[in-house]
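As structure tokens, the structure follows; a few thoughts come after it.
Read the numbers this way: they start at 1 and go in the same order the structure lists the ligands and their atoms. Each residue takes its place number in the sequence, starting with 1.
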Amino acid sequence: MTPQFLKTMLDGHLGQIFATAADIEAAAGQIARQIDDATWQTPPLLIGVMKGAAQWTLAVSQQLTIQADLDFVAVSSYTGTKQSLPKLTQAPTLSVTNRHVILLDEIIDSGVTLAFLIDWLHEQQVASIQTAVMVNKPVARQRAVALDYVGFTLPDVWLVGYGMDLDGAYRNLPVIAEYKTSTSVSTADV
Ligand SMILES: O=P(O)(O)OC[C@H]1O[C@H](OP(=O)(O)OP(=O)(O)O)[C@H](O)[C@@H]1O
Ligand SMILES: Nc1nc2[nH]cnc2c(=O)[nH]1
């Protein structure tokens with residue numbers, strides 16, 4: 001049974017629900033355990049990629065039991081479902097030089113955003129970079145990016161919820177859901 005409010009909010013565009021809030025918290029917890037168990041010469045610096053990665057960054061960072069620093073960058077490259085060149089609209093406030101950075105993003109799709117940020121972090125002379133993504137959509141990859149921690153690997157459909165948007169909407173949905181660009185009326189899931 002799909003909560004009625006999701007159907008109402010997405011108004012005929014709701015497709016498959018791939019993960020609930022509980023599934024996402026559990027995936028974030030497993031990743032936090034792996035980060036806990038890794039060997040760190042200095043506390044890692046977690047950097048969330050705003051806006052979309054806000055929820056994911058907190059889900060992972062709040063389940064860590066080791067000391068870690070937390071910061072954010074803002075990058076924007078999508079208007080609707082169309083991508084343009086990524087722009088760094090906000091740099092981290094902490095110094096990243098010589099830091100062991102964990103980049104957290106809620107989704108990797110073409111890979112252009114994370115590849116751009118990884119290049120930028122190398123220019124700032126970080127000590128190391130790891131990546132932790134909530135969703136890996138590998139089908140349309142254009143830039144290869146090494147993924148250290150992955151929550152869910154999903155098909156090539158437009159996703160919304162848990163930070164993922166369509167023109168700014170739906171980020172607050174507590175699930176990862178498919179947004180169908182063509183509307184359909186179904187009674188199967190009522
Ligand atoms: O792998 P890619 O194809 O580059 O896509 C991934 C990026 O797309 C979204 O960013 P968006 O530009 O929509 O900004 P947002 O975080 O503000 O939603 C998302 O937050 C990722 O950062
Ligand atoms: N919201 C959202 N942002 C993306 N950026 C790249 N792929 C996606 C996607 O499927 N959904």
Side-chain angles (χ1 to χ4, degrees), residues 6 9-21 23-24 27-28 31 45-61 70-93 96 101-123 129-184:
L6 284 177
M9 265 183 94
L10 290 170
D11 192 24
H13 293 275
L14 178 62
Q16 194 171 342
I17 294 182
F18 290 105
T20 64
D23 297 332
I24 300 164
I31 289 173
L45 170 58
L46 275 54
I47 299 183
V49 185
M50 294 290 264
K51 297 178 186 175
Q55 286 101 316
W56 175 241
T57 303
L58 294 183
V60 174
S61 63
L70 182 58
D71 207 337
F72 293 92
V73 289
V75 178
S76 191
S77 58
Y78 279 84
T79 305
T81 62
K82 297 271 179 303
Q83 190 173 33
S84 51
L85 282 180
K87 279 193 275 303
L88 186 69
T89 54
Q90 188 187 307
T93 55
V96 297
V101 170
I102 304 177
L103 259 184
L104 293 110
D105 210 345
E106 86 285 8
I107 185 163
I108 179 168
D109 186 348
S110 69
V112 168
T113 304
L114 279 181
F116 165 81
L117 276 171
I118 288 167
D119 290 346
W120 183 82
L121 286 167
H122 281 307
E123 282 167 21
I129 303 174
Q130 291 192 341
T131 55
V133 296
M134 179 174 77
V135 173
N136 177 22
K137 268 185 15 183
V139 173
R141 194 78 91 246
Q142 294 170 24
R143 294 272 320 256
V145 173
L147 299 179
D148 297 282
Y149 312 103
V150 175
F152 305 91
T153 298
L154 296 180
D156 191 19
V157 297
W158 193 258
L159 298 166
V160 294
Y162 223 86
M164 294 182 288
D165 72 318
L166 179 67
D167 282 336
Y170 310 124
R171 288 193 203 275
N172 64 319
L173 295 183
V175 299
I176 298 173
E178 173 186 1
Y179 181 94
K180 292 203 283 202
T181 42
S182 58
T183 54
S184 65

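- A distance of 9.5 Å separates OG of S77 from CG of D109, quoted to the nearest 0.5 Å.
- Looking only at side-chain heavy atoms (C-beta outward), I24 and M134 come within less than 4.5 Å of each other.
- Remark: L70 CG to I102 CD1 distance equals 11.0 Å, nearest 0.5 Å.
- Rounded to the nearest 0.5 angstrom, Q90 CD and F72 CZ are separated by 9.5 Å.
- Side-chain contact check for F116 versus L88: some heavy-atom pair is nearer than 4.5 Å.
- At a threshold of 4.5 Å between non-hydrogen side-chain atoms, the residues I176 and M164 count as touching.
- Around ligand 2 you find Y78, I107, D109, K137, V157, W158, L159, M164, D165, each with a heavy-atom distance below 4.0 Å.
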Please output the side-chain donor-acceptor pairs of residues 143-154 that fall under 3.5 Å, not counting sequence neighbours, one pair per line with the distance.
| from | atom 1 | to | atom 2 | distance (Å) |
| --- | --- | --- | --- | --- |
| R143 | NH2 | D119 | OD2 | 3.3 |
| D148 | OD2 | T131 | N | 2.9 |
| Y149 | OH | Q130 | OE1 | 2.6 |

Measure from every N or O atom of ligand 1 to the protein's N or O atoms and keep only the pairs below 3.5 Å, writing each with atom names and distance to 0.1 Å.
| from | atom 1 | to | atom 2 | distance (Å) |
| --- | --- | --- | --- | --- |
| ligand 1 | 1 (O) | D109 | N | 2.7 |
| ligand 1 | 1 (O) | S110 | N | 3.2 |
| ligand 1 | 1 (O) | G111 | N | 2.9 |
| ligand 1 | 3 (O) | Y78 | OH | 2.5 |
| ligand 1 | 3 (O) | Q83 | NE2 | 3.4 |
| ligand 1 | 3 (O) | S110 | N | 2.8 |
| ligand 1 | 3 (O) | S110 | OG | 2.6 |
| ligand 1 | 4 (O) | Q83 | NE2 | 3.0 |
| ligand 1 | 4 (O) | S110 | OG | 3.4 |
| ligand 1 | 4 (O) | T113 | N | 2.9 |
| ligand 1 | 4 (O) | T113 | OG1 | 2.5 |
| ligand 1 | 12 (O) | S77 | N | 2.7 |
| ligand 1 | 12 (O) | S77 | OG | 3.3 |
| ligand 1 | 12 (O) | Y78 | N | 3.0 |
| ligand 1 | 16 (O) | K51 | N | 3.2 |
| ligand 1 | 16 (O) | G52 | N | 2.9 |
| ligand 1 | 17 (O) | K51 | N | 3.2 |
| ligand 1 | 17 (O) | R171 | NH2 | 3.3 |
| ligand 1 | 18 (O) | D165 | OD1 | 3.2 |
| ligand 1 | 18 (O) | R171 | NH1 | 2.9 |
| ligand 1 | 18 (O) | R171 | NH2 | 3.3 |
| ligand 1 | 20 (O) | E106 | OE1 | 3.1 |
| ligand 1 | 20 (O) | E106 | OE2 | 2.6 |
| ligand 1 | 22 (O) | D105 | OD1 | 3.3 |
| ligand 1 | 22 (O) | D105 | OD2 | 2.6 |

Report all side-chain donor-acceptor pairs from residues 167-174 shorter than 3.5 Å, counting only partners two or more places apart or in another chain.
| from | atom 1 | to | atom 2 | distance (Å) |
| --- | --- | --- | --- | --- |
| D167 | OD1 | G80 | N | 2.6 |
| R171 | NH1 | G163 | O | 3.0 |
| R171 | NH2 | D165 | OD2 | 3.4 |

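- For T93 and D71, the side-chain atoms include at least one donor-acceptor pair closer than 3.5 Å.
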